[in-house]
Structures are given as structure tokens and as C-alpha cells.
There are 2 protein chains.
Amino acid sequence: MDLESRKQLPLFSIGIVEKLTGLSARQIRYYEQHELVKPARSAGNQRLFSFVDVERLIQVSALLDEGLNMEGVKARMKRLVANETQDKKQSEPTDQQVFERMRQEMLEHPGGSGSSEFQGDLFRFYRKR
Amino acid sequence: MDLESRKQLPLFSIGIVEKLTGLSARQIRYYEQHELVKPARSAGNQRLFSFVDVERLIQVSALLDEGLNMEGVKARMKRLVANETQDKKQSEPTDQQVFERMRQEMLEHPGGSGSSEFQGDLFRFYRKR
DNA sequence: CGTCATATGTAATGTTTCCTTACATCAAGC
DNA sequence: GCTTGATGTAAGGAAACATTACATATGACG
């Protein structure tokens, strides 16, 4: 079995993942509800997390700390995964990809200069705190 | 945290270790009784195994398959651990160590030529099956 | 200011997994 | 045939986890 497979082995109970990530069980389940992780299940329906799951949860936690909300995290994670898989095919990004990154960057860090009527709407990606 | 510390993190419940090692919970607990592994415990007294523990259990399983019994496994494991730690200090074994290895080898694979009155006694290290 | 939505805490209740202890079994050797 | 060593299995209790529902804090926004 190669490293990639190992990292996807369902190994950890939610209690261990709490300690590994610093998140509460409530948070972990909430993020699962939003499909940010999809842990496997035991025969008795208990969650079993892989290394990949744990890494994702840590990423999610970091993005929340950056001020993003669930929807923002989802958007960013989707972009991250897309970049990862594409990075394996070709390291050089196409112009189209660069453009897309810029667009996303603006989406996630708005208020630079535009400040249009859509400004307020972008806050749907930011957390209230 | 370095790799060595990571490998000692108490991460796995006994159910997972059953799957990782192919051993039954009964076997794992029995080997623990014989101090072949010493898993950590949760606040609620449940066993928590590390990678090191899992590796040791797999070693134990292999040695049992070779025909050793508990006492034989203990002796061999003790020797393995001793060699590992000493290997970190010096790769070159001394003559004394080589001699000791030969002696252990003969102990574990008896009957080559000696066949003395002690022959039968050595079977205390072998399994009945 | 009051309301609303989001992220998280907490409590209730049932199920799964694990614990220890004890007894059963099976093979091998004497 | 009787031990002995390794493992299976059952019983009863405790820990960990599941789902669901309700509570709460905080910031946005009219």
C-alpha cells in the first residue's frame, strides 16, 4: 500500500481527532454537515477519520481563524483541491488559471478599491465576530 | 514534534488495532499482560495504541508464526530492542555482540548438532501446535 | 434597538465499543 | 489421560459516540 492510500485509511475516532485538531466534537460534526470532511463509518455507524480528514479539518480551522465563514471556507477549499489535482497534471498554470486565482483572491479579500453596491453582499463569505 | 514522538502518540483504539494487525482483541490484551506492549490509557481507562505499539504487535505476531511461544517472543523482542538502541550508538557490532547473537540464534533454532540433555528443556521457548 | 442568521455549547437518550473477570476449548507434550 | 499455554466466548458494567433538540453568543442589518 502506498503513502497516498495510507493517508486515507479510516483510523481515528472523533475523540482522538478532537485532540489532534483542537476542535470540539460539535465543530467537527458541524463541518461534516457542510461536507468539508466525509469521514468513513464503522459497522456500528461511528465516525472514522483518516489523516487526510484530519489535515482538512486543520485547514478548515485555519481558514475560520482567518475570518472566513462556512461558505467562504467551502469556496476556498474547493479551490485548493482543484489546484492540488491540477498541480499534479501540470505545474505551469495557464493564463486562465491565473485569472481565476485573481478573481478568487478578490472575492475573498474584497474592499481594495471597487466598493460597489455588491460590497455588502460579499460579506456573506465572512464571519461575524 | 519530530517523527519519533509522533510514532508514540496514543492514537488508536483496540478495534482499529485489531484491523491493522489482524489480531483479536483477546490476543492483544494477552500480549499486553505479558508486557509485550504497553498501550496508554484514556481518561476512562480505554487502551490507546501508538504506531510503535502496532509495529510491536505485528512483530510479535510474526514471531509467533515462526513457532516461538510467549517466553521466546519476550526473549527475542528484548534482544531486538537492545540491538536497536545500540545500533544508534554504533553500527559496528563488537565481537561480544556477535557472539551473543550466535548464542541467541542457537537458543532459538536448536537441534543443529548439539542435541544434548538440555535439548528438551529448550522447547519451553516453542509453541505447542 | 430588535431581529435574524451563523457557529458553537449543552443536555437527553439510545447504541456501540471497550473494560474486566471468569470459564470454556483446543492442541501439544509428558 | 492430564497439564499447560494460547485463544475463544460470555456476562455485566462503563466509556465513548450517535442523533436530536434546545440554548447562547455575536455580528449584520433594517
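What's counted below: heavy atoms across the whole structure, side chains too, no hydrogens, waters or symmetry copies. Every chain is numbered from 1 and lettered A, B, ... according to where its sequence line falls, protein lines coming before strand lines.
The separation between B:Phe12 atom CZ and C:dT17 atom C1' is 17 Å, rounded to whole Å. Per the geometry, CZ belonging to B:Arg127 stands 13 Å off P belonging to D:dG5, to the nearest Å. Here D:dA6 presents its P atom at 13 Å from CG of B:Leu63, a figure rounded to the nearest Å. Distance NZ (A:Lys74) to C1' (C:dT6): 12 Å, rounded to an integer number of Å. Straight-line distance from the CD atom of A:Gln27 to the C1' atom of C:dT10: 14 Å, rounded to whole Å. A:Leu64 has its CG atom 17 Å from the P atom of D:dT26, to the nearest Å. Rounded to a whole Å, the CG atom of B:Leu68 is 16 Å from the P atom of D:dG5. If you take CD of B:Glu18 and C1' of D:dG8, they are 13 Å apart, rounded to a whole angstrom.
B:Tyr30 has no side-chain polar atom (N or O) that falls below the 4.0 Å cut-off from OP1 or OP2 of D:dT7. Dashed line: the shortest gap from a side-chain N or O of B:Tyr31 to OP1 or OP2 of D:dT7 is under 4.0 Å. Checking the phosphate oxygens (OP1, OP2) of D:dC17, a side-chain nitrogen or oxygen of A:Ser13 falls inside 4.0 Å. Remark: B:Ser42 is in phosphate contact with D:dA16, judged by side-chain N or O atoms under 4.0 Å from OP1 or OP2. Using a 4.0 Å cut-off, no side-chain N or O of A:Gln46 falls inside it from OP1 or OP2 of C:dT16.
The side chain to side chain contact (heavy atoms under 4.5 Å, CB included) test with B:Phe49 singles out one residue from B:Leu9, B:Leu20, B:Leu57, B:Thr21, and that residue is B:Leu57.
In terms of hydrophobic clustering, with Ile, Leu, Val, Met, Phe, Trp and Tyr side chains grouped at heavy-atom distances under 4.5 Å, A:Leu11 and A:Met1 are assigned to a common cluster. By the criterion of side-chain heavy atoms lying less than 4.5 angstrom apart, applied directly or through intervening Ile, Leu, Val, Met, Phe, Trp or Tyr residues, B:Val52 is not grouped with A:Ile16; the two fall into different hydrophobic clusters.
The salt bridge (Lys or Arg N to Asp or Glu O under 4.0 Å) contacts involving residues 17-27 of chain B comprise nothing, where partners must be two or more places apart or lie in separate chains. Listed by first and then second residue, the salt bridge (Lys or Arg N to Asp or Glu O under 4.0 Å) pairs that reach into residues 33-54 of chain B are B:Glu32-B:Arg41, B:Glu32-B:Arg47, sequence neighbours excluded. A ring pair (Phe, Tyr, Trp, His ring centres under 6.0 Å) check over residues 56-76 of chain B, counting only residues at least two apart or in different chains, returns nothing.
Comparing B:His34 and B:Ala43 by the nucleotide of DNA chain D that holds the closest heavy atom to each, the one mapping nearer the 5' end is B:His34. Residue A:Asn69 is the one, among A:Gly44 and A:Asn69, whose nearest nucleotide of DNA chain C lies closer to the 5' end (criterion: closest heavy atom).
Ring pair A:Phe51/A:Phe12 is perpendicular by interplanar angle, where above 60° counts as perpendicular and below 30° as parallel.
When the side chain to side chain donor-acceptor pair (under 3.5 Å) test is applied to B:Gln46, no partner is found at least two apart in sequence or on another chain.
Note that the two end axes of the helix from C:dC1-D:dG30 to C:dC30-D:dG1 enclose an angle of 10°, each drawn from 5 base pairs, rounded to 10 degrees.
The nucleotide whose nearest atom lies closest to any side-chain atom of A:Ile14 is, among C:dG9, C:dC19, D:dA18, D:dA18.
Here A:Arg127 contributes atom CZ and A:Leu63 contributes atom CG; the two are 11.0 Å apart, rounded to the nearest 0.5 Å.
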Using the 3.5 Å cut-off, write out each protein N or O paired with an N or O of nucleotides 19-24 of chain D and the distance between them.
| from | atom 1 | to | atom 2 | distance (Å) |
| --- | --- | --- | --- | --- |
| D:dT19 | OP1 | A:Arg41 | NH1 | 3.4 |
| D:dT19 | OP2 | A:Arg47 | NH2 | 2.4 |

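Looking at heavy atoms from C-beta onward, B:Tyr30 lies in side-chain contact with B:Met70 at the 4.5 angstrom threshold.
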